[in-house]
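These notes concern the structure reproduced below.
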Amino acid sequence: MEIKNRTLSNFAELVRTGECKKFRGRLKVGVDLGTANTVLAVVDSTNRPIAGVSAPSHAIRDGVIVNYYESVQLVTKLKAELEEKLDTELPYAAAAIPPGVSEGSVKSIGYVLEGAGFEVMNIVDEPTAAAAVLKITDGAVVDVGGGTTGISILKDGKVIYTDDEATGGSHMTMTVAGHYKIPYEEAEVLKTTPEKEDEIFPVVKATIEKMATITEKFLNGYQVPAVYVVGGSASFREFTNVFEKKLKLPVYRPVHPLLVTPLGIAYNCELPPVTPKKK
């Protein structure tokens, strides 16, 4: 996964520094309306990362918009920031959803992008978006989101099964909040503080084991060579070990697992044909 890790590292640096790459031609945008963060990824027509931005967000839960106005305002703001840095308009974008959400939720996510001034070119499920970045043809991609654990199983480069279940990073945070008897917001900060990982992991391990059990159920009846985990909640060092013990399969996690899906969403933004100029 060295090449994919290098691409992800380049994108992570763009998000961290706020810098952008020089580009030619039209750009594609991926909008990831996460439970804890909203991320916008910008790539060129060859899927080279050009720019990216991330901001805290609590406007979506389990793939469902719970605060439409807040979502539109945030995406509008992030879009404007990127357009100013790149000195160009960003008209086209794609979004993503957890597998199995209702048609109404799919439409509402599209409405958020439209409300922010984007033309929506595609809405893809999150694990499939991640698979595009990891360039997986055979295997299972597990996207551990804020509210759900979703999966896409691929065979010969085609998605043959998708599903999700409601256990994700927010459940880990609630476990931390209950254990320490602190507010949810404080627990989220504690959970995501790298220096506290050795202390926090035993607290959330049972929740991660449940995610592995959900994945095992999804995989029942399918033969896969390996499992690939993405999503910010998969960042714990021992996360893959818990999954491997349960699944009895190789489990891989790319660098910067939180940024895999938004980059894959941008990959799946289908640009419209260029209309020839009239002479």
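In the hydrophobic clustering of ILVMFWY residues, with side-chain heavy atoms under 4.5 Å counting as a link, F201 and V251 come out together. The hydrophobic clustering, which links ILVMFWY residues whose side-chain heavy atoms are closer than 4.5 Å, places V204 and V189 apart. Under a hydrophobic-cluster definition in which Ile, Leu, Val, Met, Phe, Trp and Tyr are linked whenever side-chain heavy atoms come within less than 4.5 Å, directly or via other members, F236 and M211 are assigned to the same cluster. Cluster annotation: L271 is not connected to V29 through the hydrophobic network of ILVMFWY side chains, with a link wherever side-chain heavy atoms come within less than 4.5 Å. When hydrophobic clusters are built by joining Ile, Leu, Val, Met, Phe, Trp and Tyr residues whose side-chain heavy atoms come closer than 4.5 Å, directly or via intermediates, I151 is not grouped with Y228.
When all heavy atoms of P225 and P250 are compared, the closest pair comes out as O-CD, 3.4 Å. Taking every heavy atom of both residues into account, S233 and V144 meet most closely at CB-CG1, 3.5 Å. A pairwise comparison of heavy atoms in A94 and I265 identifies O-CG2, 3.2 Å as the closest pair. Across all their heavy atoms, A41 and A266 have their closest contact at O-CB, 3.7 Å. Residue A116 comes nearest to T76 through the heavy atom pair CA-OG1, 3.3 Å, listed as atom of the first residue, atom of the second, then distance. The two residues I123 and V106 have their closest heavy-atom pair at CD1-O, 3.5 Å.
Crowding of K210 atom NZ: a count of heavy atoms from other residues, nucleotides or ligands under 6.0 Å not exceeding 12. Heavy atoms of other residues, nucleotides or ligands lying less than 6.0 angstrom from OH of Y69 number 12 at most.
Within the model, atoms CD of E19 and CD of E13 stand 7.0 Å from one another, a figure rounded to the nearest 0.5 Å. Interatomic distance, S54 OG to L258 CG, rounded to the nearest 0.5 Å: 6.5 Å. Remark: E216 CD to K246 NZ distance equals 4.5 Å, nearest 0.5 Å. In this structure, NE2 on H256 lies 10.0 Å from OG on S235, to the nearest 0.5 angstrom. Going from atom CG of L249 over to atom CD of Q223 covers 8.5 Å, rounded to the nearest 0.5 Å. Atom-to-atom distance recorded for R48:CZ and F11:CZ is 13.5 Å, nearest 0.5 angstrom.
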>> Could you go through E126 and T261, starting from their C-alpha distance and side-chain angles, then the distance that decides it, and tell me whether this counts as side-chain hydrogen bond (donor to acceptor under 3.5 Å, both in side chains)?
In response: CA-CA 6 Å; E126 292 168 349; T261 298; over 6 Å; no
>> Checking K217 against E165 for the salt bridge (Lys or Arg N to Asp or Glu O under 4.0 Å) test, could you report, in this order, the C-alpha distance in whole Å, the side-chain angles of both residues, the deciding distance, and whether it holds?
In response: CA-CA 10 Å; K217 181 181 71 174; E165 193 166 312; 2.4 Å; yes
> Should V141 and T128 be marked as a side-chain contact (heavy atoms from CB on, under 4.5 Å) after you check the CA-CA gap, both sets of side-chain angles, and the distance that decides it?
Replying inline: CA-CA 7 Å; V141 179; T128 302; over 6 Å; no
>> Working note: E244 + Y252, criterion side-chain hydrogen bond (donor to acceptor under 3.5 Å, both in side chains); need CA distance, chi angles, decisive distance, verdict.
In response: CA-CA 9 Å; E244 285 184 339; Y252 302 103; over 6 Å; no
> side-chain contact (heavy atoms from CB on, under 4.5 Å) between L78 and T38: does it pass, once the steps are laid out?
Replying inline: CA-CA 9 Å; L78 298 178; T38 289; 4.0 Å; yes
>> Pair V224, L154 - check side-chain contact (heavy atoms from CB on, under 4.5 Å), show working.
In response: CA-CA 8 Å; V224 300; L154 296 96; over 6 Å; no
> What's the verdict on side-chain hydrogen bond (donor to acceptor under 3.5 Å, both in side chains) for T149 and T167, showing C-alpha distance, side-chain angles and the deciding distance?
Replying inline: CA-CA 6 Å; T149 295; T167 296; 5.9 Å; no
> For N47 and K28, what are the C-alpha separation, side-chain angles and deciding distance, and is it a side-chain hydrogen bond (donor to acceptor under 3.5 Å, both in side chains)?
Replying inline: CA-CA 8 Å; N47 291 336; K28 306 187 292 181; 2.8 Å; yes
> Checking side-chain contact (heavy atoms from CB on, under 4.5 Å) for the pair D44/R24: CA distance, chi angles, key distance, verdict?
Replying inline: CA-CA 8 Å; D44 65 13; R24 283 184 175 181; over 6 Å; no
> Checking ring-ring contact (aromatic ring centres under 6.0 Å, His included) for the pair Y222/Y161: CA distance, chi angles, key distance, verdict?
Replying inline: CA-CA 9 Å; Y222 294 94; Y161 176 80; 5.2 Å; yes
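By the 6.0 Å and 45° rule, K79 stacks over the aromatic ring of F118.
At a threshold of 4.5 Å between non-hydrogen side-chain atoms, the residues V31 and V75 count as touching. Side-chain atoms of F23 and T88, non-hydrogen and from C-beta on, do get closer than 4.5 Å to each other. No side-chain heavy atom of F239 sits under 4.5 Å from any side-chain heavy atom of K205. The side-chain heavy atoms of T7 and L263, taken from C-beta on, include a pair separated by under 4.5 Å. Using a 4.5 Å heavy-atom threshold, the side chains of S45 and R26 count as separate. The shortest side-chain heavy-atom distance between V230 and P254 falls under the 4.5 Å cut-off. Contact annotation: the side chain of I50 approaches that of L27 to within less than 4.5 Å [non-hydrogen atoms, C-beta and beyond]. Using a 4.5 Å cut-off on side-chain heavy atoms (C-beta onward), D198 and R237 make contact.
Looking only at distances, a side-chain donor or acceptor of T173 sits under 3.5 Å from a matching main-chain atom of G169. Looking at E83, its side chain does come within 3.5 Å of a backbone N or O of L90 through a donor-acceptor pair. Between the side chain of K191 and the backbone N or O of V176, no donor-acceptor pair lies under 3.5 Å.
Side-chain polar atoms of Y68 and Q73 form no donor-acceptor pair below 3.5 angstrom. Counted by atom type alone, T162 and S152 present zero donor-acceptor pairs between their side chains at under 3.5 Å.
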